[in-house]
**Student:** 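Have a look at this one.
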There are 2 protein chains.
Amino acid sequence: MDQVDINSVEQIARLFKILSDPNRLRIISVLGKNECSVSELINGTGLPQTLVSFHLKTLRDSGMVDTERKGPFIYYRLKSPVLIDLLGAFNQYTFNGQKNKDMATGMPCPCSPWFFKKS
Amino acid sequence: MDQVDINSVEQIARLFKILSDPNRLRIISVLGKNECSVSELINGTGLPQTLVSFHLKTLRDSGMVDTERKGPFIYYRLKSPVLIDLLGAFNQYTFNGQKNKDMATGMPCPCSPWFFKKS
DNA sequence: ATAACATATGAGTAAAGACACATATGTGCG
DNA sequence: CGCACATATGTGTCTTTACTCATATGTTAT
């Protein structure tokens with residue numbers, strides 16, 4: 001039981017660590033709109049293939065995504081769409097909270113195109 | 001405007017990075033209950049002084065906490081209590097979501113003592 | 001079977017992060 | 001002042017992480 005207690009902080013920290021990379025957030029954000037293939041992720045994020053694959057491995061290992069092969073394509077999808085809502089909540093926090101007052105006006109939700117497009 | 005857009009993902013990622021360390025989460029969790037001095041944080045978390053100070057610097061630099069000197073003590077408090085709610089939401093996600101089904105039963109909120117105590 | 005495409009993996013590198021230890025700064029009291 | 005306490009900072013180290021490049025695996029069509 002102490003085991004469980006100790007683990008829980010570590011667990012949450014591990015979750016946040018996964019979310020703490022901008023490129024991974026871009027990938028997650030695209031996945032939040034639709035399940036999609038790796039190719040679509042590459043196009044959607046503007047990141048090189050190996051990098052997308054690299055981050056997808058992290059997401060797979062964390063159990064955050066499911067995969068399904070369809071012909072030559074492998075489709076990824078978020079196991080829990082709730083995650084997107086949580087990201088939205090944090091987005092609000094970042095721009096409307098006591099942090100970064102200078103960017104406090106009208107930011108769109110994390111699913112908007114600007115959120116994940118690379119440049 | 002493109003500037004802003006690109007930054008935002010980085011901003012959110014930076015926020016998550018701050019939350020991605022277990023010891024920092026412990027500190028934040030204690031702060032979520034009450035504003036308190038560094039000594040109280042050391043006691044509350046069971047972490048060595050220099051380590052607490054080290055992490056507090058991160059939290060200060062990120063603008064996540066405010067400080068106030070009271071005699072020899074320096075009191076820290078979260079700028080936005082909302083953060084605690086967000087942590088609670090993520091806690092729910094971690095244990096009730098599609099992840100870690102084996103720990104899915106009745107986890108307390110991140111403000112409970114077990115959440116931040118070291119061992 | 002070979003070619004073309006989709007995706008994953010492995011090695012190497014450079015940078016960031018967490019930490020411990022030693023030391024400095026700041027505050028109040030005798 | 002000098003001492004005890006509270007907190008911060010600097011340095012060195014070890015680990016982790018993001019990334020690139022090269023290469024491997026898997027799939028489909030010809």
Side-chain angles (χ1 to χ4, degrees), chain A residues 6 9-31 35-77 116 118-119, chain B residues 6 9-31 35-77 116 118-119:
Chain A
I6 293 168
V9 204
E10 317 277 344
Q11 292 263 5
I12 300 182
R14 231 170 295 155
L15 172 57
F16 282 130
K17 188 151 286 176
I18 293 167
L19 299 175
S20 72
D21 181 85
N23 289 334
R24 222 141 47 212
L25 280 183
R26 290 189 178 94
I27 292 172
I28 291 172
S29 175
V30 177
L31 284 177
E35 96 169 9
C36 58
S37 69
V38 180
S39 301
E40 290 169 326
L41 287 174
I42 294 169
N43 286 334
T45 60
L47 300 171
Q49 182 262 322
T50 47
L51 188 52
V52 171
S53 228
F54 169 76
H55 285 303
L56 284 176
K57 175 169 172 50
T58 305
L59 296 178
R60 253 183 290 125
D61 291 348
S62 76
M64 195 174 282
V65 296
D66 267 340
T67 64
E68 183 185 357
R69 175 141 230 155
K70 291 182 182 174
F73 301 97
I74 299 181
Y75 279 77
Y76 281 76
R77 65 171 216 280
F116 52 82
K118 173 67 178 190
S119 82
Chain B
I6 293 169
V9 204
E10 318 276 345
Q11 290 262 7
I12 299 182
R14 232 170 295 155
L15 172 58
F16 282 129
K17 188 149 286 177
I18 293 167
L19 299 175
S20 71
D21 181 83
N23 289 335
R24 223 142 45 212
L25 280 184
R26 289 190 178 93
I27 292 171
I28 291 173
S29 175
V30 177
L31 285 177
E35 94 170 8
C36 58
S37 69
V38 178
S39 301
E40 289 169 328
L41 286 173
I42 294 169
N43 286 334
T45 60
L47 300 172
Q49 182 262 321
T50 46
L51 188 52
V52 171
S53 227
F54 169 76
H55 286 302
L56 284 177
K57 175 168 173 51
T58 305
L59 296 178
R60 253 183 290 124
D61 290 349
S62 75
M64 195 174 281
V65 297
D66 268 339
T67 65
E68 182 184 359
R69 177 141 228 154
K70 290 181 183 174
F73 301 97
I74 299 180
Y75 280 77
Y76 282 76
R77 65 173 216 279
F116 52 82
K118 173 67 178 190
S119 78

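The basis for the numbers below is simple: all heavy atoms, side chains too, and nothing from hydrogens, waters or symmetry mates. In this text, all values refer to a predicted model and were calculated from it rather than measured experimentally. Residue numbers start from 1 in every chain, and the chains themselves are labelled A, B, ... in the order their sequence lines are given, proteins ahead of strands.
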**Student:** Nearest whole Å is fine: how far is dA16(C) P from K17(A) NZ?
**Tutor:**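 After rounding, the gap between these two atoms is 15 Å.
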**Student:** Rounded to whole Å, how long is the line connecting atom CG of L59(A) with atom P of dA8(C)?
**Tutor:**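 After rounding, the gap between these two atoms is 11 Å.
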**Student:** What nucleic acid atoms does Y76(B) come within less than 4.0 Å of, heavy atoms only: base, sugar-phosphate, or nothing?
**Tutor:**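 If one applies the 4.0 Å heavy-atom cut-off, Y76(B) turns out to touch the sugar-phosphate alone, with no base involved.
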**Student:** Would you compute the distance between atom CG of D66(A) and atom CZ of R77(A) and round it to the nearest 0.5 angstrom?
**Tutor:**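 The CG atom of D66(A) sits 4.5 Å away from the CZ atom of R77(A).
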**Student:** Let me know, please, whether K70(A) or H55(A) comes out on the 5' side of the other along DNA chain D by nearest nucleotide.
**Tutor:**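 Nearer the 5' end of the strand: H55(A).
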**Student:** Expressed as a whole number of angstroms, how long is the span from L51(A):CG to dC19(D):P?
**Tutor:**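 Distance, rounded to whole Å: 5 Å.
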**Student:** Mark yes or no for a side-chain to base donor-acceptor pair under 3.5 Å between Q49(A) and dA8(C), with no hydrogen or angle criteria applied.
**Tutor:**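 Indeed there is one.
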**Student:** Just the rounded figure in Å: distance from P of dA11(C) to NZ of K57(A).
**Tutor:**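 About 13 Å, once rounded to whole Å.
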**Student:** From the list dT9(D), dA18(D), dT7(C), which nucleotide is the closest neighbour of the side chain of S53(A)?
**Tutor:**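 Selected nucleotide (nearest to the side chain): dT7(C).
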**Student:** Using a heavy-atom cut-off of under 4.0 Å over every strand shown, decide if S39(A) touches base, sugar-phosphate, or nothing.
**Tutor:**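 The answer is sugar-phosphate, as S39(A) gets under 4.0 Å only of primed atoms, P, OP1 or OP2.
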**Student:** Toward the 5' end of DNA chain D, which comes first, R69(A) or V52(B), by nearest nucleotide?
**Tutor:**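 On the 5' side of the pair lies V52(B).
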**Student:** For R60(A) and dT9(C), is the shortest distance between a side-chain N/O and OP1 or OP2 below 4.0 Å?
**Tutor:**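 True: R60(A) side-chain N/O within range (under 4.0 Å) of dT9(C) OP1/OP2.
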**Student:** Could you check if a side-chain atom of I18(A) sits within less than 4.5 angstrom of a side-chain atom of R24(A), using non-hydrogen atoms only?
**Tutor:**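 With C-beta onward as the side chain, the pair touches.
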**Student:** Return the set of residues passing side chain to side chain donor-acceptor pair (under 3.5 Å) with R69(A) (not counting sequence neighbours), or none when no residue passes.
**Tutor:**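 Expected list: none.
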**Student:** Which of these passes side chain to side chain contact (heavy atoms under 4.5 Å, CB included) with Y76(A): I27(A), L31(A), L59(A)?
**Tutor:**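 Output: one option passes, namely L31(A).
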**Student:** CZ of F54(A) versus P of dA22(D): gap in Å, rounded?
**Tutor:**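 Taking atom P of dA22(D) as the reference, CZ of F54(A) is at 18 Å.
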**Student:** Using whole Å, what does the distance between atom P of nucleotide dT17(D) and atom CG of N23(A) come to?
**Tutor:**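 Going from CG in N23(A) over to P in dT17(D) covers 16 Å.
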**Student:** Look at the side chain of I74(B) and decide which nucleotide, out of dT7(D), dG26(C), dA20(C), has an atom nearest to it.
**Tutor:**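 The nucleotide sitting nearest to the side chain is dT7(D).
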**Student:** Quick one: on DNA chain C, does E40(A) or D21(B) contact a more 5' nucleotide (nearest heavy atom)?
**Tutor:**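 So the residue in question is E40(A).
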**Student:** Calculate the interatomic distance between F73(A) atom CZ and dT7(C) atom P; express it in whole Å.
**Tutor:**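 Computing the F73(A):CZ to dT7(C):P distance gives 6 Å.
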**Student:** Between D61(A) (CG) and dT17(D) (C1'), how many Å, whole number?
**Tutor:**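 Atom-to-atom, D61(A) to dT17(D), this comes out as 14 Å.
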**Student:** Would you kindly compare P72(A) and R24(B) by the position of their nearest DNA chain C nucleotide and give the one closer to the 5′ end?
**Tutor:**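 The residue closer to the strand's 5' end, by nearest nucleotide, is P72(A).
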**Student:** Can you tell me how far OG of S29(B) sits from CG of N23(B), rounded to the nearest 0.5 angstrom?
**Tutor:**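 Taking CG in N23(B) and OG in S29(B), the distance rounds to 12.0 Å.
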**Student:** Could you check which of dC21(D), dT7(C), dT7(D) has an atom nearest any side-chain atom of S37(A)?
**Tutor:**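 It is dT7(C).
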